[in-house]
Amino acid sequence: QVRLVESGGGLVQAGGSLRLSCAASGRTFSRYAMGWFRQSPGKVREFVAGISRSGGSTDYADSVKGRFTISRDNAENTVYLQMNSLKAEDTAVYYCAAFFSWGGTARVGVERKDYDYWGQGTQVTVSS
């Protein structure tokens, strides 16, 4: 079992930056691949970024490539999402997610069904 707690959301102007953090419980954080998803009112939850258990592989939604960066610190049991050049359309609740990576260390989950554990979400609002 993994418990995930997001933080760092808030209100920011378009063009600004925010860094989200996700703290995970447990002693086996390094065995979990991690991801960030987001959900706007009336829309399905969508993939934003994912990172392998080792941190060596990442993947991003096309809409955030070049603006967002996912990273992790396995010693601190934390995954981050650095968001730059924010746009109004980035406004959403952002969720951290995890799944136990049984296979190789390079696997990155890009679909909601890949993930077994979810945080409660943190609101990001970008004003235009």
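Below, all heavy atoms of this structure are taken into account, side chains as well, without hydrogens, waters or symmetry copies.
Side-chain contact between Arg72 and Phe29 is present, with heavy atoms from C-beta onward closer than 4.5 Å. Contact of the Val48 side chain with the Tyr60 side chain is not registered, since no non-hydrogen atoms from C-beta on lie closer than 4.5 Å. Using a 4.5 Å heavy-atom threshold, the side chains of Met34 and Arg53 count as separate. Considering only heavy atoms from C-beta on, Tyr32 comes within 4.5 Å of Tyr117 through its side chain.
Comment: Lys65 engages Asp62 in a salt bridge, judged by a side-chain N to carboxylate O separation of less than 4.0 angstrom.
The same ILVMFWY cluster, assembled from side-chain heavy atoms under 4.5 Å apart, contains both Trp102 and Val2. By the rule that hydrophobic residues join a cluster once side-chain heavy atoms approach within less than 4.5 Å of another member, Tyr115 and Leu20 end up as members of separate clusters.
In terms of modelled atom types and a separation under 3.5 Å, the side chain of Ser40 and the main chain of Val93 share no donor-acceptor contact. Not a single donor-acceptor pair under 3.5 Å links the side chain of Asn74 to the backbone N or O of Gly55. Using modelled atom types, one side-chain atom of Asp114 and one backbone atom of Val110 make a donor-acceptor pair closer than 3.5 Å.
In this structure, Arg31 is not positioned above the aromatic face of Phe99 in the sense of NZ or CZ being under 6.0 Å from the six-membered ring centre and within 45° of the axis.
Applying the side-chain contact (heavy atoms from CB on, under 4.5 Å) rule to Arg45 yields the partners Phe37, Gln39, Tyr95, Arg112, Trp118; only residues at least two apart in sequence or on another chain are considered.
Atom OG of Ser30 sits about 11.5 Å away from atom CG of Asp73, to the nearest 0.5 Å. Once rounded to the nearest 0.5 Å, the distance linking OG of Ser52 with CZ of Arg107 reads 11.5 Å. Distance CZ/Phe68 to OG1/Thr58: 14.0 Å, rounded to 0.5 Å.
The heavy-atom pair separating Ser57 from Val108 by the smallest distance is O-CG2, 3.5 Å.
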What donor-acceptor contacts under 3.5 angstrom involve side-chain atoms of residues 120-128, with partners at least two apart or in another chain?
| residue | atom | partner | partner atom | Å |
| --- | --- | --- | --- | --- |
| Gln120 | NE2 | Glu6 | OE1 | 3.4 |
| Thr122 | OG1 | Gly9 | N | 3.3 |
| Gln123 | NE2 | Ala92 | O | 3.4 |
| Gln123 | NE2 | Thr125 | OG1 | 3.3 |

Identify each donor-acceptor pair in which a side-chain atom of residues 78-85 lies under 3.5 Å from a protein atom, sequence neighbours left out, and give them as a table.
| residue | atom | partner | partner atom | Å |
| --- | --- | --- | --- | --- |
| Thr78 | OG1 | Glu76 | O | 2.8 |
| Gln82 | NE2 | Asn84 | OD1 | 2.9 |
| Asn84 | OD1 | Ser17 | OG | 2.9 |

| Under the side-chain contact (heavy atoms from CB on, under 4.5 Å) criterion, do Leu86 and Gln13 qualify, and how do the steps go? | CA-CA 8 Å; Leu86 282 160; Gln13 288 188 332; over 6 Å; no

